[in-house]
There are 2 protein chains.
Amino acid sequence: MDKSALNFDSPVPLYRQLADLLRREISEGQHAVGDRIESEHSLAQRHTVGRPTVRQATDMLVREGVLQRRRGAGTFVLPTTERVDLFSLVGTSEALRAVEARCELLSPPTLRHNTPIGTAYALQRKYSVQDEVLLLEDIWLDATFFPRLEQHELAGQSLSRLVREVYHREPDRAEQRFAIVDSDPLMGAGPLLSVHRRLHFGEHLDKVHAVLLCRTETFQFTQTITTTRP
Amino acid sequence: MDKSALNFDSPVPLYRQLADLLRREISEGQHAVGDRIESEHSLAQRHTVGRPTVRQATDMLVREGVLQRRRGAGTFVLPTTERVDLFSLVGTSEALRAVEARCELLSPPTLRHNTPIGTAYALQRKYSVQDEVLLLEDIWLDATFFPRLEQHELAGQSLSRLVREVYHREPDRAEQRFAIVDSDPLMGAGPLLSVHRRLHFGEHLDKVHAVLLCRTETFQFTQTITTTRP
DNA sequence: TCAGACAAGTTGTCAAGACAACATGACTTG
DNA sequence: CAAGTCATGTTGTCTTGACAACTTGTCTGA
């Protein structure tokens with residue numbers, strides 16, 4: 001990186017441009033995880049800006065979890081943290097991948113009128129390993145919020161991705177309630193862990209309901225959760 | 001507010017002191033939701049600090065969702081959004097308040113060397129209603145990360161608040177694992193829901209471990225969870 | 001009375017500078 | 001060779017200063 005790529009005539013503030021540039025360099029592999037990037041003083045000189053401007057840029061990346069500053073040592077690239085996906089908060093995808101669970105759509109989306117959230121598409125998924133059912137999930141998606149869902153291929157498809165790419169929706173909050181139940185017709189005798197979950201999309205509340213069942217002796221139900229970050 | 005309460009001899013940076021002071025004023029009702037607080041220039045004069053120092057303080061509160069800055073207009077108090085508190089992700093505070101559960105510290109923080117996270121302060125909390133134990137929680141806090149914890153009064157005190165105000169730490173991620181257990185000496189026969197939780201503070205991983213037990217027939221264990229927001 | 005212009009106030013961005021508190025590496029001494 | 005010291009480099013905190021971009025209120029003219 002020999003020359004500054006900052007555009008001093010742009011309406012985009014310099015610190016944002018620099019943050020974008022650094023973020024890009026990192027994602028392009030110019031700086032590996034654990035690498036120390038150039039010092040603030042050096043970046044300021046290279047880009048012909050003041051050090052506080054550099055700090056504003058690196059502040060942004062620190063808050064995004066991309067960089068970590070260590071006083072006296074420098075500024076380092078952090079590993080990319082796995083984004084919490086509220087749709088597959090079934091447990092971690094890793095846990096399911098580790099046991100090579102097979103996901104099966106038991107029933108295609110069916111329009112129902114008497115669901116927990118009114119008129120909704122109902123569907124059921126099963127995760128199993130060698131014919132042992134690890135997880136059972138019933139899902140209801142608001143029919144008005146997700147129009148014509150039945151037209152989309154769901155088998156072998158990530159629901160989260162479909163909702164994001166087709167409907168341009170992404171849940172930002174969820175509520176979950178835990179219970180222990182005695183038994184389930186498909187899973188057999190208990191005790192079974194039941195997780196009742198409601199997903200919200202901004203101000204659109206309760207647009208997805210899900211009920212999940214699993215047996216905790218055979219399946220380690222784990223989650224990564226975060227606090228809100230304004 | 002006639003006189004600055006900032007201690008210029010304190011090792012606590014001025015901007016943190018000012019942020020704490022403003023946060024306190026707001027929580028004490030000195031500024032109502034929607035109120036405009038003093039201008040940055042005015043605050044700087046009043047507290048005999050520079051404007052960038054005031055901005056650092058208000059930056060913190062903006063990021064906490066306490067304040068909102070509007071260019072040209074001023075800085076305003078936001079409604080308190082129910083913050084996901086990873087410490088008391090015990091269920092919602094509301095659920096506990098609704099049943100007027102009593103929180104009792106069973107043992108004060110005791111320094112232990114063989115805990116799940118090495119040398120840590122161990123403590124135990126019990127939530128009960130009319131002598132029925134709803135919830136039992138064992139907590140370990142890293143002794144190096146939270147030095148001299150035993151010197152602080154914990155009974156009837158929010159752990160989350162203490163960690164924030166005394167140690168200026170706030171967990172940003174947690175991992176939780178669910179299991180169903182048969183019984184517990186204090187809670188009796190099962191099945192009981194067990195939640196094993198690990199809290200992370202930025203790049204400082206596993207600084208708090210907690211294990212929580214409850215009986216889901218008598219206590220509705222719910223959580224609000226969010227996705228990360230870059 | 002209403003709309004437009006202008007002034008004053010406020011936040012957003014940016015600079016140069018300084019010192020404190022730390023980390024790291026090199027050198028010296030036992 | 002290991003431990004201690006010192007020098008250099010780096011981030012953290014803080015200052016004064018300036019101008020841009022906006023908001024809000026007031027005044028004037030139609």
Side-chain angles (χ1 to χ4, degrees), chain A residues 4-22 31 34-63 65-78 230, chain B residues 4-22 31 34-78 144-145 147 167-169 201-204:
Chain A
S4 174
L6 302 192
N7 175 4
F8 283 77
D9 296 321
S10 171
V12 179
L14 294 174
Y15 77 93
R16 281 192 183 275
Q17 288 184 54
L18 183 55
D20 290 344
L21 188 151
L22 291 172
H31 305 289
D35 275 3
R36 206 195 70 131
I37 68 167
E38 262 182 281
S39 74
E40 294 174 357
H41 183 243
S42 176
L43 280 171
Q45 282 193 319
R46 168 178 313 285
H47 295 284
T48 325
V49 294
R51 191 179 147 222
T53 304
V54 171
R55 286 191 68 81
Q56 272 181 291
T58 54
D59 270 352
M60 280 185 73
L61 297 186
V62 164
R63 287 203 297 279
V66 174
L67 294 177
Q68 174 196 35
R69 289 198 294 224
R70 296 217 289 272
R71 183 197 266 200
T75 302
F76 300 83
V77 180
L78 285 178
Chain B
S4 176
L6 302 190
N7 176 4
F8 283 76
D9 296 320
S10 170
V12 179
L14 294 174
Y15 76 92
R16 280 192 185 277
Q17 289 184 51
L18 184 56
D20 290 343
L21 187 152
L22 291 172
H31 304 289
D35 274 6
R36 206 196 69 132
I37 69 167
E38 263 182 281
S39 74
E40 296 174 355
H41 183 243
S42 176
L43 279 170
Q45 284 193 317
R46 170 179 310 286
H47 294 285
T48 326
V49 295
R51 191 180 145 222
T53 303
V54 171
R55 286 190 69 79
Q56 273 181 288
T58 54
D59 270 352
M60 280 185 72
L61 296 186
V62 164
R63 286 204 299 280
E64 288 172 24
V66 174
L67 293 179
Q68 174 192 40
R69 289 199 292 224
R70 297 218 286 275
R71 180 196 269 199
T75 302
F76 299 84
V77 179
L78 284 178
T144 307
F145 205 63
Y167 296 101
H168 304 290
R169 301 285 193 187
F201 297 74
E203 68 273 12
H204 306 288

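By convention in this document, chain letters (A, B, ...) are assigned in the order of the sequence lines, proteins followed by strands, and residues within each chain are numbered from 1.
- Residue A:H47 contributes atom NE2, which lies 14 Å from atom P of C:dC14 at whole-angstrom precision.
- Straight-line distance from the CD1 atom of B:I37 to the C1' atom of C:dT11: 12 Å, rounded to whole Å.
- Judged by distance alone, the side chain of B:D35 and the main-chain N or O of B:I37 form no donor-acceptor pair under 3.5 Å.
- Within the structure, a side-chain polar atom (N or O) of A:R69 is placed less than 4.0 Å from OP1 or OP2 of D:dG12.
- Note on A:G50: only backbone sugar-phosphate atoms sit closer than 4.0 angstrom, heavy atoms only; bases stay farther off.
- One can place CZ of B:F76 at 17 Å from P of D:dC22, the figure rounded to the nearest angstrom.
- Atom-to-atom, CG of B:L14 to C1' of D:dG12 comes out at 12 Å; the value is rounded to the nearest Å.
- If you measure from atom CD of B:Q56 to atom C1' of D:dT15, you get 11 Å, rounded to the nearest angstrom.
- Annotation: side chain of B:M60 is in contact with side chain of B:R16 (closest heavy-atom distance under 4.5 Å).
- Contact annotation: A:R51 side-chain N/O to C:dA15 OP1/OP2 distance is not under 4.0 Å.
- A side-chain contact (heavy atoms from CB on, under 4.5 Å) with B:T58 is found for exactly one of B:V66, B:T53, B:L18, B:L22, namely B:L22.
- Spacing between atom CG of B:D59 and atom P of D:dT13 amounts to 12 Å, rounded to whole angstrom units.
- Look at A:T53 and you won't find any side-chain N or O under 4.0 angstrom from OP1 or OP2 of C:dT13.
- Counting any heavy atom pair closer than 4.0 Å across all strands shown, B:R36 reaches sugar-phosphate atoms only and no base atom.
- Here B:P52 lies in heavy-atom contact (under 4.0 Å) with a base.
- Between A:Y15 and C:dT13 there is a side-chain polar atom (N or O) within less than 4.0 angstrom of OP1 or OP2.
- Within the 4.5 Å cutoff, no side-chain heavy atoms of A:T75 are placed close to those of A:V62.
- You'll find the side chain of A:E40 stays beyond 4.5 Å of the side chain of A:L43, heavy atoms only.
- If you find the closest nucleotide of DNA chain C to A:P13 and to B:T75, the one lying nearer the 5' end belongs to B:T75.
- Note: CG (B:D9) to C1' (C:dA20) measures 15 Å, nearest angstrom.
- Using a 4.0 Å heavy-atom criterion, one finds that B:R70 contacts the sugar-phosphate atoms exclusively.
- To the nearest angstrom, C1' of D:dT10 lies 14 Å from CD of A:Q68.
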